[in-house]
Undergrad: 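Sharing a structure with you now.
Lettering of chains follows the sequences in order, A, B, ..., and the numbering in each one begins at 1.
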2 protein chains.
Amino acid sequence: MTALMNRSATAPKETKAHRAILRVLEEDHAPLAETELRSRLLQRGVRVNKTTIYRQLAGLKERGAVKEVDFGDGKKRFESNDGEHHHHLVCTKCKSVDEVQLPGELVRLEKAISKNKKFKILDHALEFFGLCVNCK
Amino acid sequence: MTALMNRSATAPKETKAHRAILRVLEEDHAPLAETELRSRLLQRGVRVNKTTIYRQLAGLKERGAVKEVDFGDGKKRFESNDGEHHHHLVCTKCKSVDEVQLPGELVRLEKAISKNKKFKILDHALEFFGLCVNCK
DNA sequence: CATCATAATGCAACTCAGTTGCAATGTCAA
DNA sequence: TTGACATTGCAACTGAGTTGCATTATGATG
Ligand SMILES: [Mn+2]
Ligand SMILES: [Mn+2]
Ligand SMILES: [Zn+2]
Ligand SMILES: [Zn+2]
């Protein structure tokens with residue numbers, strides 16, 4: 001490619017960090033913060049700089065491979081974006097995270113809101129906090 | 001009071017900062033971050049240190065006068081806790097915030113979830129993002 | 001009103017998550 | 001094999017939020 005080329009849809013390069021991060025997220029299947037992801041990677045013998053992690057996650061996110069999740073603890077969390085759209089049950093005691101799907105429910109709600117509030121809903125954030133079966 | 005006294009339900013002292021902060025939150029009626037609150041206070045001629053603001057908000061929160069809200073932008077936001085429980089329609093373009101109530105809806109959802117997931121829901125976070133009537 | 005215990009404040013220094021500039025390294029198409 | 005350019009690591013930085021401590025203000029008590 002002789003310069004002056006295709007800038008869009010740049011395919012990600014197959015690097016060690018890229019592969020490892022994606023694999024951890026696919027296997028662990030929970031929203032992980034940078035430090036968590038980093039130590040998971042270390043456990044597998046892959047040492048990655050935090051800057052690289054953030055940059056990879058940003059790329060994975062805009063490519064739709066990963067979703068950002070917020071538990072309100074001031075940390076960015078990311079999870080694999082394979083399965084169906086769902087929400088989380090976060091145990092405030094042991095920090096475990098379970099998933100829950102609300103098929104149709106939110107869609108219906110959003111339609112109603114969009115209509116009578118004249119607000120075009122593009123996204124939502126819904127997470128539940130409480131005690132898991134082991135902690136309550 | 002001769003020391004060794006009532007430690008609970010400490011009534012807050014009537015200070016300039018306390019009054020001003022509460023008044024701004026009651027009037028502006030939107031979830032404000034520290035910097036926003038701080039400049040609103042300045043506009044009214046009240047200069048308050050950010051440490052004081054955070055400490056006041058913490059006190060107001062545990063006293064139930066204020067609620068913490070998270071828009072996922074890495075900032076703690078607080079709003080007056082007078083009205084009914086509600087959620088927000090946040091315009092991602094102009095940053096305006098509207099409110100929306102979902103009477104019963106969430107309660108019903110939570111009951112169903114609590115039952116078949118054996119998870120005791122104590123709280124939830126639900127905010128909507130999109131385009132307000134002026135921006136869409 | 002005067003006293004004074006103690007709550008509230010301001011400031012500086014700190015922590016911690018996340019970002020940026022830049023030089024060094026790695027990837028992959030040609 | 002080569003070279004353009006994407007990715008990485010590191011150090012320095014930003015910005016939100018917190019903490020220790022000395023100073024000031026509140027309000028209960030007498
Ligand atoms: Mn999930
Ligand atoms: Mn509100
Ligand atoms: Zn638990
Ligand atoms: Zn708008």
Side-chain angles (χ1 to χ4, degrees), chain A residues 1-24 31-42 44-63 65-66 68-78 95, chain B residues 1-24 31-42 44-63 65-66 68-78 95:
Chain A
M1 293 177 182
T2 59
L4 186 71
M5 254 299 291
N6 174 322
R7 75 252 24 50
S8 60
T10 318
K13 285 193 176 175
E14 281 285 308
T15 72
K16 201 172 183 178
H18 181 262
R19 271 186 301 271
I21 290 172
L22 208 44
R23 207 155 66 88
V24 166
L32 299 181
E34 178 269 325
T35 52
E36 295 163 345
L37 185 46
R38 184 177 233 271
S39 59
R40 298 281 196 299
L41 289 167
L42 264 185
R44 295 163 182 249
V46 183
R47 216 205 72 163
V48 190
N49 189 277
K50 74 169 177 177
T51 308
T52 298
I53 293 181
Y54 281 115
R55 290 196 274 227
Q56 278 293 339
L57 290 170
L60 289 168
K61 184 185 172 189
E62 72 183 25
R63 229 168 287 132
V66 144
E68 190 170 347
V69 177
D70 191 340
F71 288 168
D73 60 351
K75 296 176 189 174
K76 291 187 168 185
R77 291 174 184 281
F78 299 84
K95 312 299 174 194
Chain B
M1 295 181 178
T2 60
L4 185 73
M5 252 301 291
N6 175 323
R7 77 243 39 46
S8 60
T10 316
K13 283 193 176 174
E14 281 286 307
T15 71
K16 202 171 182 179
H18 182 262
R19 271 187 301 271
I21 289 172
L22 209 44
R23 207 155 66 88
V24 166
L32 299 181
E34 178 269 325
T35 51
E36 295 162 347
L37 185 45
R38 183 176 234 271
S39 61
R40 298 279 196 298
L41 289 167
L42 264 185
R44 293 161 182 251
V46 183
R47 216 204 71 160
V48 189
N49 189 279
K50 73 168 177 177
T51 307
T52 298
I53 294 182
Y54 281 116
R55 289 197 274 229
Q56 279 293 339
L57 289 171
L60 291 168
K61 184 186 172 188
E62 72 184 24
R63 228 168 287 132
V66 141
E68 190 170 345
V69 177
D70 191 339
F71 288 167
D73 60 352
K75 295 177 190 173
K76 292 188 170 187
R77 290 173 185 281
F78 299 84
K95 311 300 173 194

Undergrad: Would you please enumerate the stems DNA chain C participates in, each stem being three or more consecutive Watson-Crick or G-U wobble pairs with both distances under 3.5 Å?
TA: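 Stem segments, range with range: C:1-30 with D:1-30.
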
Undergrad: Just checking A/R47: does its CZ atom have more than 12 heavy atoms from other residues, nucleotides or ligands closer to it than 6.0 angstrom?
TA: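 Open: at most 12 neighbouring heavy atoms sit under 6.0 Å from CZ of A/R47.
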
Undergrad: Has A/R44 got more than 12 heavy atoms of other residues, nucleotides or ligands less than 6.0 Å from its CZ?
TA: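 Check passes, neighbour count above 12.
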
Undergrad: Between A/L41 and A/I53, does a side-chain contact (heavy atoms from CB on, under 4.5 Å) hold up when you go through it step by step?
TA: CA-CA 10 Å; A/L41 289 167; A/I53 293 181; 4.0 Å; yes

Undergrad: Determine whether more than 12 heavy atoms belonging to other residues, nucleotides or ligands lie under 6.0 Å from atom CZ of A/R40.
TA: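 Buried by this count: over 12 neighbours within 6.0 Å.
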
Undergrad: So, applying salt bridge (charged side-chain N to carboxylate O under 4.0 Å, His left out) with B/E36, which one of B/K75, B/R77, B/K50 is it?
TA: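 Going through the options one by one, the only one that passes is B/R77.
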
Undergrad: Separation of A/R19 atom CZ from C/dT27 atom C1', in whole Å?
TA: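 Going from CZ in A/R19 over to C1' in C/dT27 covers 10 Å.
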
Undergrad: If you round to the nearest 0.5 Å, how far is OH of A/Y54 from CG of A/N49?
TA: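 With rounding to 0.5 Å, CG (A/N49) is 11.0 Å from OH (A/Y54).
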
Undergrad: Between B/K76 and B/E34, does a salt bridge (charged side-chain N to carboxylate O under 4.0 Å, His left out) hold up when you go through it step by step?
TA: CA-CA 7 Å; B/K76 292 188 170 187; B/E34 178 269 325; over 6 Å; no

Undergrad: Calculate the interatomic distance between A/K13 atom NZ and D/dC5 atom P; express it in whole Å.
TA: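 About 10 Å, once rounded to whole Å.
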
Undergrad: Reading nucleotides 9-19 of chain C 5' to 3', which nucleotides get B (base under 4.0 Å from a protein heavy atom), which S (sugar-phosphate only), which -?
TA: BBBB----SBB

Undergrad: Have a look at B/Q56 and tell me which of B/T15, B/L37, B/L22 forms a side chain to side chain contact (heavy atoms under 4.5 Å, CB included) with it.
TA: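 When side chain to side chain contact (heavy atoms under 4.5 Å, CB included) is applied between B/Q56 and each of B/T15, B/L37, B/L22, only B/T15 qualifies.
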
Undergrad: Provide, to the nearest angstrom, the distance between the CG atom belonging to B/D70 and the C1' atom belonging to D/dA16.
TA: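 One finds 13 Å between C1' of D/dA16 and CG of B/D70, rounded.
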
